[in-house]
Amino acid sequence: MPNVQITFPDGTSREFAQGVTALEVAKSLGPRLAADALVAKVDSRLLDLTSPIEASGPIQFITPSSPEGLEVYRHSTAHLLAAAVTELFPDAHPGIGPPTETGFYYDFYREKSFTEEDLAKIEAKMRELQKADLPYERIHYPKEEGKKLFEQMGEFLKCQLIEEKAEPVFSAYRTGKFLDFCRGPHIPSTGRIKAFKVLSVAGAHWKGDEKSHPMQRIYGTAFFSQKDLDDFLHKLEEAKKRDHRRLGKELELFSIQDDAGPGLIFWHPKGGMVRKVIEDWLRDELLKRGYDMVYTPHAMRLHLWETSGHTNFYRENMFGAMEVENDRYQLKPMNCPGHILIYKSRRRSYRELPVRMAELGTVYRYERSGVLHGLMRVRGFTQDDAHIFCMPEQLEDEVQACVEFAFAVLSTFGFDRYEVELSARDPEHPEHYAGTVEEWERAEGALRNTLERMKIPFKTMLGEAVFYGPKIDVKLVDAIGRPWQLTTVQFDFNLPSRFELEYVGADGRPHTPVMVHRALLGSIERFFGVLIEHYTGAFPVWLSPVQAIVLPISERHGAYAREVVGQFRAAGIRTELDDRNEKLNARIRDAQLQKIPFMLVVGDREVQAQAVGVRRRDTGDMGSRSLAEFIPWLRQLIDTRAVKW
RNA sequence: GCCGGCGUAGCUCAGUCGGUAGAGCAACGGUUUCGUAAACCGUAGGUCGGGGGUUCGAUUCCCUUCGCCGGCUCCA
């Protein structure tokens, strides 16, 4: 038998008989590696350890320490789940079961729905099969023969997949009694799975198509150690504690009212204050950066939206038009046409470009009822929107300025991790987009150039563009590592021509400007939701609706307490007085729960010393501070918009 | 919109195998005047999400509708 030359990551190489398995190679290197290895990467392809190696080339063993290892491991756990489900519920037909960012899922078609108790049973059965240490056995079938086999088993979904995806000879994996059409690779056996948990069941659709039959998706997760699993479950709990919907109610920030309708936000005084502070700051920044503030109507004639193309490309997301005096008006889903009308209101010279129009513009979009979610996904929201009208040669600078502006804004609110995406069109669905292929290529190129020039790493997302142009999206990463899409900078070569925008160039002739749409916080509502979750409601002082609360120890300190409140308020610090007939401890507890950054206790000692006993919400009692010292210190904390102090 | 779950006092929740409901917190009244996370006593509070049906009788069973939650799909 001929030999093959296998090269290891350290550069050394050895000869093995052709057809040697990766496992045998690993064993020859050491029992420890053989025990650790999950799969092998042979010539940059992931293979089962039991697969024969037929050609010379590099090999690398994938162990639990690599991300690829975790993916394979979770995929194998998904098979374990399916094995348990099909054993317990013969009427369940497996669909697909891939790994995800945080675990895995497996979709099943079944008439009856899975209950919580079923999930517990499934998990127990999985543990049983795990202990049995069943191998993941790779089997090859010629397409037709294999398909017949799955037909006999009644697995019509698998047959469909085989029909669509299978190679002439395809692979399947057997785990105990469960056979699955699967490319693999898999870990050697179920005994290698250390820590897993079945999490939940939810509806899904076969192949993600709404019109296709409903599936039940069982979610689970798996880690290499119980500790990692516990940490993950703990993080889920943490995320629940941060839920902005719960905090919004507890901290009286906002509400959504049945009587008014779903997806419509009521900003209560506390939330309203946070919003006011955000907006005031933002407006100052806009003016510093050469933007003009504008305001446009909430409803405008429908024909305007026909001109813009919204009635074609955006209809599903718009509220129905309303009839007014034989004319039809449309609640605005975007601010652009309004800004365009202002631009068009007179002749524009190249000398005044770029024109940057900003509006905290409230828009209404029809979202299907099932997708609404607190502040994160609503039907009416306010964008910190702006449209920049400029000459093509100014475009890249303007886009760059927008991205820089976005980073500056987000870091002010305490976010410092981002993911940047370039959203391009889906070349397979040209009907979703307005404009020509050449225009799109030029536009995508311009955005790509800008990011590359700025040396910002980014991912290109095909099919994520808006109908009028490609965009750059910035996702911020919050305190517990979740990404949120807020900032969007969109290039538009469509609306300027649809509305016949012009500027007079240096040559005295009319030219068509290009447009940039951009929102930095995205929607104020969503941003607020992210902010609440990021800080668990404990906002930095500059954003806190109540920055300090004065707590007189007994009634005789009331007068001094009111004087202190007066002095703080005079310094522009949002201060309240809690002189309720409650014990100090109770009032401190309430203030803590309201996440007020500073509690100011005043008793005899403080009256004496013209001071306040300062308690921080995070670290507790910090002792007495004189008013003369503390007020300027707090003022400076607010003025510098300190995130930590 | 689709699949599944849920809707009981302001909030968090218990309960009724069909005989019109209960706790804690909050609110209100009083007592207490207190030094860094819940003082004590009392009072009041509910068309059991809305509509319809079955029934002598429905908060409970059935249908329908609205809303919420977890997903799918879509997005700021």
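Side chains are part of it too, since the values below use all heavy atoms of this structure and drop only hydrogens, waters and symmetry mates.
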How is [X] classified with respect to the nucleic acid when contacts are heavy atoms under 4.0 Å: base, sugar-phosphate, or nothing?
X: A:Gln485; result: sugar-phosphate
X: A:Gly620; result: nothing
X: A:Ala519; result: nothing
X: A:Asn585; result: sugar-phosphate
X: A:Gln594; result: nothing
X: A:Glu316; result: nothing

- Query: Taking the six-membered ring for Trp, are A:Phe114 and A:Phe89 ring centroids under 6.0 Å apart?
  - Reply: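 Between A:Phe89 and A:Phe114, which both carry aromatic rings, the centre distance is below 6.0 Å.
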- Query: Does the ring centre of A:Trp484 sit less than 6.0 Å away from the ring centre of A:Phe415?
  - Reply: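 They do not qualify: ring centres at least 6.0 Å apart.
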- Message: Could you identify the nucleotide paired to B:A9, looking across every strand shown and requiring Watson-Crick or G-U wobble geometry with both distances under 3.5 Å?
- Response: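 Pair assignment: B:A9 / none.
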- Item | Strand partner of B:C61, provided both Watson-Crick or wobble distances fall under 3.5 Å |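 Partner of B:C61: B:G53.
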- Query: Taking for each residue the nucleotide of RNA chain B bearing the nearest heavy atom, is the 5' side occupied by A:Thr487 or by A:Gly263?
  - Reply: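 Its nucleotide being nearer the 5' end, the pick is A:Gly263.
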With a cut-off of less than 4.0 Å, is there a side-chain N or O of [X] near OP1 or OP2 of [N]?
X: A:Arg556; N: B:C34; result: yes
X: A:His557; N: B:G35; result: no
X: A:Lys249; N: B:U12; result: yes

- Message: Could you tell me how far B:G24 sits from B:G45 if I compare only their C1' atoms? Round to whole Å.
- Response: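 Roughly 15 Å separates the two C1' atoms.
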- Query: Which whole number of Å gives the distance between the P atom of B:C72 and that of B:C13?
  - Reply: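 These two P atoms come out 24 Å apart once rounded.
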- A:Arg217 NZ/CZ over A:Tyr105 ring centroid, <6.0 Å and within 45° of normal: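 Yes, A:Arg217 lies over the aromatic ring of A:Tyr105.
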- If we require ring centres under 5.5 Å and near-parallel planes under 30°, does A:Tyr219 stack on B:G71? no
- Item | No-hydrogen, no-angle side-chain donor-acceptor test under 3.5 Å, A:Thr619 and A:Arg616 |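 Judged by distance alone, the side chains do pair up.
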